[in-house]
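Let me begin by presenting the structure, written as structure tokens, before commenting on it.
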Amino acid sequence: MDLHFGDSKPTDEERAAVDALLGPPESSWEGADRDEMRAADLRWARGGREARDRRDLLLPGLHAINDRIGWISEGALDYLCRRLTVPPAEAYGVATFYAMFSVRPRPATVLHVCTDLACAAAGASELCAAVEQRTGPGIRVERSPCLGLCERAPAALAIRAGDPVRTAVSAPATAEAAVLAASAPDSAPEEPPAALAVPQAGSPELTLLRRVGVVDPESLDDYRAHGGYAALRRAFVLGPAAVIREVTDSGLVGRGGAAFPTGRKWQATAAQPDRPHYLVCNADESEPGTFKDRVIMEGDPYALIEAMTVAGYATGAHRGYLYLRGEYPRALRLLENAIGQARARGLLGDDVLGQGYAFDIEIRRGAGAYICGEETALFNSIEGYRGEPRSKPPFPVEKGLFGRPTAENNVETLVNVLPILTMGAQAYAAIGTGGSTGPKLFCVSGSVERPGIYELPFGATLGELLELAGVRDGLRAVLLGGAAGGFVRPDELGIPLTFEGTREAGTTLGSGVVMAFDDTVALPRLLLRIAEFFRDESCGQCVPCRVGTVRQEEALHRIVERTGAAAADDIALLREVGRAMRDASICGLGQTAWNAVESAIDRLGAYE
Amino acid sequence: MTMTPLGIPRRLLECTVDGEPVRAPEGATVLDACRSAGKDIPTLCQGDTLRPKNACRVCMVEVEGARTLVPACSREVEPGMEVRTDTERARHSRRLVLELLASSVDLSTTPRAAEWIEDYGAEPDRFGPDAARLGEEPRIDNELYVRDYDKCILCYKCVDACGDQWQNSFAISVVGRGFDARIAVEHDGPLTDSACVYCGNCIEVCPTGALSFKSEFDMRAAGTWDESQQTETTTVCAYCGVGCNLTLHVQDNEIVKVTSPHDNPVTHGNLCIKGRFGYQHVQNRD
């Protein structure tokens, strides 16, 4: 590869940011100063394949620059490319893919104000206007898709570039508090503990959430004192094949939305002769209305570390990647701490628990792209490519991360493995219904008195869940499964919250979102926001999604104030586009982008 | 003479296309099978010299048992596969994709686009006069070729040809995302500041004319481009000893562009800057 670099040079600060991640350059071949060219440089061409094999450090490298400076200049990008032997055009394509990066100069402080569903219903647009009036040129206000703080809507996240980067969350946000978080992130009031997002916290009936609010999320000892690492010990006693059998017998299916049997996925990965195997934890929870994974990671981070270790052991992986969305600074800090502690105590590393099994976990931060929650887009993102989904087949169990057999599971799915091992597959399968076993987390937000994460055995009805959360009067609609899910009517609250029950009712459980909207919410505006979300988050790779999401948003704009016959033409158009998107898009984003709007038209009569 | 290399014999798999039994070699795509059965399936991003990208989604077919439609260009044939190419569902999807494309970009120089739009009854205008379009101005920053991204359907073929599939220059990439995604060089600068080596292999694979010879672009602008008046002569490049085939496109006794046969086992349609663009001296008549 003959790389071409322009004349732009990095500033000392930019160079330092990259070197802090990669170490100083060893020779001028990979970016050391030409004036200091050493004799060896003239004889050895370093870089090349060795550096190119570290392509997966591109995303961390872009973060390093963006975190330090606030944006990514030509000189900084070229220097990073030189260090990693990545063509600048490709790196530029990657940098411009993510919403949290900028390749144009901008202020060091960016205040992301969430304008997504729950926050929009709680007055996000007024908040944005008020914040913009109060901020000067030193702070950039950006309208953000869901920040995963729906239980405390409206929410804002301030990020100030520097060394180190500073972040502050304001939720529920007032204009004053949000501006304070942006102008003085260090002295902004601390976030409430994660347990406040769990109204049932401390209840003995909880399984998945039983430690949230009970243990100190910073303390490994406290985690162990509350039953931590019992599951891993049992896994070592059973051996990998029997662990997979337990998981299969438990009936656990993926909780990220696709509901694929976890045991089957693990078995298929473990059986691949190709090595190495990888384990990937999908913590890129970006579905609007979803915040359960954040609460687990913030309230019980060691549980995820332990569950990943069990999953790695069962599938024959020695390396796990934890892909965490970039908008979760507190989860990042707690997980980094947990991984460090676990490593120091021999619970990660070359010889986990003295059992001769080597496993370690690396955290990778996303940078603002909903599509990276799609499993193959996530692989591309980790590998340092644009987060575009791959076409399947081949499936990840065969060719996943770095082209190797990979098991990818969502946070909630993994955490379920712990009770499966401690209580046994049969006892676990006895929870819930025949078709949907175990406990399930629901993210309840919107027009309810006690928004938050609820844990219920599968089989409770939507009405029972809303009752628990204190649904307010005048309920107009409930969005199930997030923006990719569907709306149901207030007279459908008898729907059982199971995979089979929601399927029978013509809707989906998705990622466990239950968002209630009362009659003060303007439905057409809400649908427009959903359409806008998908248009923003489409990766742009395939035509049905790239152009279809735009055409749908345009049609919804046209009918935002119209109903009945006046809207009929555009609704017909929406249906035709939606059908082609569902049939012909490469991945789930395009295939489901029209679900919620369609259900609002058909079930709620949104434009009648 | 063009030689067709013979590979190792491959097992033949049996499948059906629109109910008719078809035998296709192992590793063949559904598109191969359909074409061997005489089906005319539209394709845009599929390239005969490139790995399928399946980004344009105009070749979608129905496969028994699949939840969604399947891109014929990239899905491999499996034994017993039942493929249906002309169902209402597949036709709907193709019609919509053609409408979405034609409403957002200029397909006037895309071979067969007009024919397909008619065949499938596509009406790109029904999205209204305010439908978002790319609306890009042609980028003319060098004397060899023009990038007219208003015609770009983002098929990724130029990216693949410039990258690890052929040229290894990696000068082109997709930047931005969603509807704002575009083809660009590093830092979105002019071509002359980029890693481009002007091999023109991206022009060779471009299915829409978004990338074209400056000569062709200028003649089209002047209204003098007339393919019916052109002759094509394949010869051997005289610049070096590799022996690449050149196809000279000649109009009014002037070479107007140079391509290379895709089935040539040496070049597979690829050339270097000299072979592709270095033809002026041939017609220097002073």
Side-chain angles (χ1 to χ4, degrees), chain A residues 1-8 74 77-78 81 86-99 103 369 371 386-388 391 393 534-551 553-555 557-558 569 573 576-577 579-586 591, chain B residues 44-45 52-58 60 67-69 71 74-76 89-90 92-97 99-101 103-105 126-128 130-132 153-154 156 159 162-164 168-182 184-189 193-197:
Chain A
M1 198 184 321
D2 175 27
L3 294 190
H4 169 277
F5 297 97
D7 299 328
S8 308
E74 282 188 31
L77 189 66
D78 280 3
C81 287
V86 172
E90 283 195 359
Y92 185 75
V94 173
T96 53
F97 186 83
Y98 295 100
V103 293
I371 185 60
R386 292 165 56 80
E388 293 170 350
S391 62
F534 283 107
R535 187 256 295 145
D536 263 352
E537 298 296 339
S538 168
C539 79
Q541 193 181 200
C542 70
V543 175
C545 179
R546 179 177 76 234
V547 189
T549 52
V550 174
R551 296 292 175 253
E553 190 193 352
E554 288 167 350
H557 262 293
R558 284 195 292 268
D569 275 4
L573 193 70
E576 286 200 34
V577 174
R579 185 177 167 215
M581 287 169 67
R582 190 173 284 159
D583 266 350
S585 297
I586 291 179
Q591 289 162 10
Chain B
L44 284 167
C45 75
K53 179 67 190 165
N54 69 68
C56 77
R57 320 301 276 186
V58 295
M60 305 304 279
R67 184 174 49 87
T68 59
L69 296 176
S74 64
R75 179 62 61 88
E76 285 188 10
R89 191 174 165 208
H92 172 87
S93 182
R94 282 186 216 150
R95 172 168 67 87
L96 259 293
V97 166
E99 285 176 345
L100 293 172
L101 275 177
S103 67
S104 56
V105 297
R126 69 194 181 114
F127 298 114
D130 298 327
I153 62 165
L154 237 63
Y156 289 66
V159 178
C162 188
D164 65 350
N168 277 289
S169 283
F170 298 93
I172 326 176
S173 167
V174 177
V175 307
R177 77 177 185 215
F179 197 73
D180 298 326
R182 297 286 187 275
V185 298
E186 61 265 37
H187 315 303
D188 202 13
D193 287 352
S194 78
C196 177
V197 297

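Residue numbers start from 1 in every chain, and the chains themselves are labelled A, B, ... in the order their sequence lines are given, proteins ahead of strands.
- The parts of B:A132 that come within reach of chain A are both its backbone and its side chain, each placing non-hydrogen atoms under 4.5 angstrom from that chain.
- Only the backbone of B:D130 comes within contact range of chain A, with at least one heavy atom under 4.5 Å from a heavy atom of that chain.
- The two residues A:Y92 and B:V185 make their nearest non-hydrogen contact at CD2-O, 4.1 Å.
- Contact check for A:V547 versus B:F179: side-chain heavy atoms found under the 4.5 Å cut-off.
- Taking A:D78 as the reference, B:H187 meet the side-chain hydrogen bond (donor to acceptor under 3.5 Å, both in side chains) condition, with sequence neighbours excluded.
- Both the backbone and the side chain of B:V97 come within contact range of chain A, judged by heavy atoms closer than 4.5 Å.
- Contact annotation for B:S194: only backbone heavy atoms (N, CA, C, O) come within less than 4.5 Å of a heavy atom of chain A.
- Contact check on A:E537 versus B:R177 returns a salt bridge, with a Lys/Arg side-chain nitrogen under 4.0 Å from an Asp/Glu carboxylate oxygen.
- Contact of B:R89 with chain A is made through backbone and side chain together, with heavy-atom distances under 4.5 Å.
- With a 4.5 angstrom heavy-atom cutoff, A:A99 touches chain B via backbone and side-chain atoms both.
- Geometric assessment of A:R551 against the ring of B:F127 yields a positive cation-pi assignment under the 6.0 Å and 45° thresholds.
- Considering only heavy atoms from C-beta on, A:E74 stays 4.5 Å or farther from B:E186 through its side chain.
- In summary, the side chains of A:D583 and B:S93 do not present any donor paired with an acceptor at a separation below 3.5 Å, with no hydrogens or angles considered.
- For the residue pair A:R582 and B:T68, no side-chain donor N or O sits within less than 3.5 Å of a side-chain acceptor on the partner.
- Both the backbone and the side chain of B:N54 have a heavy atom closer than 4.5 Å to some heavy atom of chain A.
- Contact annotation for B:I172: only backbone heavy atoms (N, CA, C, O) come within less than 4.5 Å of a heavy atom of chain A.
- In this structure, chain A has heavy atoms under 4.5 Å from both the backbone and the side chain of B:R126.
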